[in-house]
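Here is the structure we will look at.
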Amino acid sequence: MSTPLSWIEPHPHGIFIAPADCWIDPSRAVPRALVTHGHADHARGGHGETMATPETLAIMQLRYTTRQGTQPAQYGETIRLRGGVAATFLPAGHVLGSAQILLEHAGERVIITGDYKRRPDPTCPAFAVTACDILITEATFGLPVFTHPPIAEEMAKLLKALADHREQCVLVGAYALGKAQRVIAELRAAGHHAPIYLHGAMEKMCRLYQDFGVDLGELRLVADHTREEMRGAIVIAPPSALADRWSRRLPDPITALASGWMRVRGRARQRGVEVPLVISDHADWNELTQTIEEVNPQETWITHGREAALLRWHQLHQRRARALALVGREDEEDD
Ligand SMILES: [Zn+2]
Ligand SMILES: [Zn+2]
């Protein structure tokens, strides 16, 4: 008889499922990978075979011209891996196509959350709470100081900045996969139906979202329009473009940045952001602890961020936990 859970091995460059000879979100190319979602710190190109949701595979194809060997898994569909391991992809509520992966073997259940959040997001289905023995959770915002405000408040801030500067434009920095489309969809939900202008680097990913049925309204490319046309408009660009000469073509932009890190005042100041928008696609402290309580695993493995406070929380609540040291999980893209 094997030791309980000896079949799942955390390594610095990913989680290895020994009987299936398969990796989860490996940070280097491997023969077989299960990928939770398309962000660069989880999805690398060059694997022999990649198993992921159809949305994540499409995102990877767009970014890496993925080679042969992809196996799509719909949410809720169970895939039989070698060695008697079953894998089921479940919604994680993080970005389009994002999944938790439930692994079952020898009567034991392990869930790797990937990145996740619990707030509603019009661009992807909500996180599915699922029972398991071991929960391997991210902890990007694993400090009690991190509480994300309701997104409606942040949208109101953004729309007020726009209304107060009709002769200018509001330039919103947002990462190209996930954050940009969520901000656009939330603006539409808040009743903003005017065309939204995009930096060229956003275009393909927005089209991909639209191809998967996410309604983003009318989008225009900055490059195709004049400064005059963009007065009173919202423009979305990668955060790196905020301070770039590219923004000189815009009509006196007011700069905003959508990121969970905007909770930290110094970060907004440091980047010269006039309208900090605290919008994150990760669970905040309360969502992390709520999720652990709801899933109620025998043990939590913490990865991907600030583990110390969450380890302490487990002690205080008589729960078992350990921290995993995975490398390369602090991607700037992912906030
Ligand atoms: Zn991540
Ligand atoms: Zn992510």
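Note that these values count all heavy atoms, side chains included, but never hydrogens, waters or copies made by symmetry. Order of listing sets the numbers, starting from 1, for every ligand and every atom in it.
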Please state whether the separation between the Zn ion (ligand 2) and some N/O/S atom of H42 is under 2.8 Å?
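It does not; every qualifying atom lies at 2.8 Å or beyond.
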Are F127 and Y116 an aromatic pair by the rule of ring centers under 6.0 Å?
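Judged by ring-centre distance (under 6.0 Å), F127 and Y116 do meet the cut-off.
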Is the distance between the ring centroids of H282 and H148 under 6.0 Å?
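Ring centres of H148 and H282 not closer than 6.0 Å.
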Check: A128 main-chain N/O paired with Q100 side-chain donor or acceptor under 3.5 Å
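Here the side-chain-to-backbone pair exists.
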Between R220 (side chain) and D224 (backbone), is there a donor-acceptor pair under 3.5 Å?
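Not a single qualifying donor-acceptor pair exists.
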Tell me whether the Zn ion (ligand 1) has E138 as a neighbour, meaning an N, O or S atom of it below 2.8 Å.
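So E138 does not bind the Zn ion (ligand 1) by this criterion.
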Return yes when at least one N/O/S atom of H282 is nearer than 2.8 Å to the Zn ion (ligand 1), and no when none is.
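No.
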Output side-chain donor-acceptor pairs under 3.5 Å for residues 235-249, partner residues at least two apart or in another chain, one line each.
from: D244; atom 1: OD2; to: W246; atom 2: N; distance (Å): 3.0
from: S247; atom 1: OG; to: D244; atom 2: O; distance (Å): 3.0
from: R249; atom 1: NE; to: W246; atom 2: O; distance (Å): 3.2

With carbon and hydrogen excluded and only N/O/S kept, which atom of [X] is nearest the Zn ion (ligand 2)?
X: H94; answer: NE2
X: D115; answer: OD2
X: H39; answer: ND1

Tell me yes or no: between the side chains of T291 and R118, is some donor less than 3.5 Å from an acceptor?
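Side chains of T291 and R118: pair found under 3.5 Å.
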What atom name does the N, O or S atom of D41 nearest to the Zn ion (ligand 1) carry?
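Distance check against the Zn ion (ligand 1) picks out OD2 in D41.
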